[in-house]
Amino acid sequence: MDIKWSYYLVVIIYVLVLGLRLTNMMSTRRFKNQYKEYKTVFSIKKDFFTTVSTACIVTTIAINVAALIGGRPINKDSIIITLLVIGFTIINSCYTIIFTEATTSVCWLGYELKQGDLEDVKIKEGHLKTTVNMTLTREIDSYNYAKLVVFGKNKKALETALEDLKVKKVTE
C-alpha cells in the first residue's frame, strides 16, 4: 500500500473523531446550562484508540531503531503517522466528566447518566489517579463497558455519584 493511503485513512479518522467530539461537546453544553452548579474531573478513556496509539509508538521505535542499526535513514513517515495517531487519540480519549451531586447526574461523552444507567462500577484508587471500570445498562457511542483513568480534585465526589447511578438490586 502506498503511504499516501495511510495519510488519507488518518484524515478520515480525524474527520469522524472531530465530528463525534463536536456533537458530544454540544450535549455537554446543554448539561452545563441545565445544571448551573456542577463539578468536573479530567479523564482518559482506555479504549481501542489508546491501544492503537501505544502499538504505533512501540512499532515506530522498533522500526527506527532497526533502521539505525542497519545503517538506513529514519522512517519519517512512521513518525508522522504515529504523531497523527497520538493526536486523534488525545481528541477521542481525553475529556472532562461533568457531574452534579445534588441530582446525581453525570455527563459522560455528551450523554447524561442517571440512576439505573450503570450496571456495575469498580473503582481502584491511586495516589494521583483513580481507575474506574463501568458497565452500562445501555450502549453509549458503541460502549457498554468503559475503563477510565480519572484525575482531579473532585475524584472522590465522582466516585460517590457513580455509585449512586448503579442499578439498585432488589433483595428478598
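The structure presented is a predicted model; accordingly, all values stated were derived computationally and were not measured.
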NZ of Lys129: more than 12 outside heavy atoms within 6.0 angstrom? no
Neighbour count above 12 (heavy atom, 6.0 Å) for Glu37 CD: no
For the pair Phe151 and Phe42, name the ring-plane relationship: parallel under 30°, tilted 30 to 60°, perpendicular over 60°. tilted
Can you find a pair of side-chain heavy atoms, one from Leu18 and one from Ile91, that are under 4.5 Å apart? yes
What distance do Phe31 atom CZ and Tyr111 atom OH have between them, rounded to the nearest 0.5 Å? 15.0 Å
Is any side-chain heavy atom of Thr130 closer than 4.5 Å to a side-chain heavy atom of Leu158? no
To the nearest 0.5 Å, what is the distance between CZ on Phe88 and OG on Ser93? 9.5 Å
If you apply the rule side chain to side chain contact (heavy atoms under 4.5 Å, CB included), what do you find for Leu16 with Ile12, and how did you get there? CA-CA 6 Å; Leu16 293 173; Ile12 290 168; 4.2 Å; yes
Using the side chain to side chain contact (heavy atoms under 4.5 Å, CB included) rule, take Asn92 and Lys45 through it: C-alpha gap first, then chi angles, then the decisive distance, then the call. CA-CA 8 Å; Asn92 182 66; Lys45 178 178 55 182; 4.0 Å; yes
Counting only heavy atoms from other residues, nucleotides and ligands, does the tally under 6.0 Å from CZ of Arg138 exceed 12? yes
Return the minimal non-hydrogen interatomic distance between Lys122 and Asp120, and the atom names on each side. NZ-OD2, 2.9 Å
Output the distance between atom CG (Leu118) and atom NZ (Lys166), rounded to the nearest 0.5 Å. 9.0 Å
Check Thr28, Leu165, Leu148, Ile98 against Trp108 for a side chain to side chain contact (heavy atoms under 4.5 Å, CB included) and give me the one that passes. Leu148
Interatomic distance, Lys39 atom NZ to Lys156 atom NZ [nearest 0.5 angstrom]: 13.0 Å
Do Ile80 and Ile86 share a hydrophobic cluster (ILVMFWY, side-chain heavy atoms under 4.5 Å, transitive)? no
Leu136 and Tyr145: which non-hydrogen atoms are nearest, and at how many Å? CD1-N, 4.5 Å
Between Leu84 and Leu9, is there shared hydrophobic-cluster membership here, with clusters defined by ILVMFWY side-chain heavy atoms closer than 4.5 Å? yes
In a check of side chain to side chain contact (heavy atoms under 4.5 Å, CB included) between Asp47 and each of Thr51, Thr50, Ile44, which one passes? Thr50
Per side chain to side chain contact (heavy atoms under 4.5 Å, CB included), Ile97 is matched among Leu162, Val106, Val132 by Val106
Check whether any side-chain N or O of Asn154 sits under 3.5 Å from a backbone N or O of Thr40 as a donor-acceptor pair, and report yes or no. yes
Keeping Tyr95 on the side-chain end and Gly110 on the backbone end, is there a donor-acceptor pair under 3.5 Å? no
Would you say Thr59's side chain and Cys56's backbone share a donor-acceptor pair under 3.5 angstrom? no
Kindly indicate, with the supporting measurements, whether the criterion side chain to side chain contact (heavy atoms under 4.5 Å, CB included) is fulfilled by Ile123 and Glu163. CA-CA 9 Å; Ile123 298 169; Glu163 286 293 337; 3.9 Å; yes
Taken to the nearest 0.5 Å, the spacing of Asn75 CG from Thr60 OG1 works out to 8.0 Å
Do Val52 and Ile90 sit in one hydrophobic cluster, given that two such residues count as connected whenever their side-chain heavy atoms are within less than 4.5 Å of each other, even indirectly? no
ILVMFWY network linking Val65 to Val58, side-chain heavy atoms under 4.5 angstrom: no
Please report the closest heavy-atom contact between Gly116 and Thr137, naming both atoms and the distance. O-OG1, 3.1 Å
Would you please classify the geometry between the Trp5 ring and the Tyr8 ring as parallel, tilted or perpendicular, with 30° and 60° separating the classes? perpendicular
At what distance, to the nearest 0.5 angstrom, does NZ of Lys46 lie from OG1 of Thr131? 6.0 Å
Of all heavy-atom pairs linking Asp117 and Glu112, the shortest is OD2-O, 3.8 Å
Can you give me the closest heavy-atom contact between Ser105 and Tyr35, atom names plus distance? OG-OH, 3.4 Å
Mind listing the closest non-hydrogen atom pair of Pro73 and Ala67 along with its distance? O-CB, 3.7 Å
Same cluster or not: Val17 versus Val10, using hydrophobic residues (I, L, V, M, F, W, Y) connected whenever any side-chain heavy atoms lie under 4.5 Å apart? yes
Is the closest basic N to carboxylate O distance between Lys155 and Glu125 below 4.0 Å? no
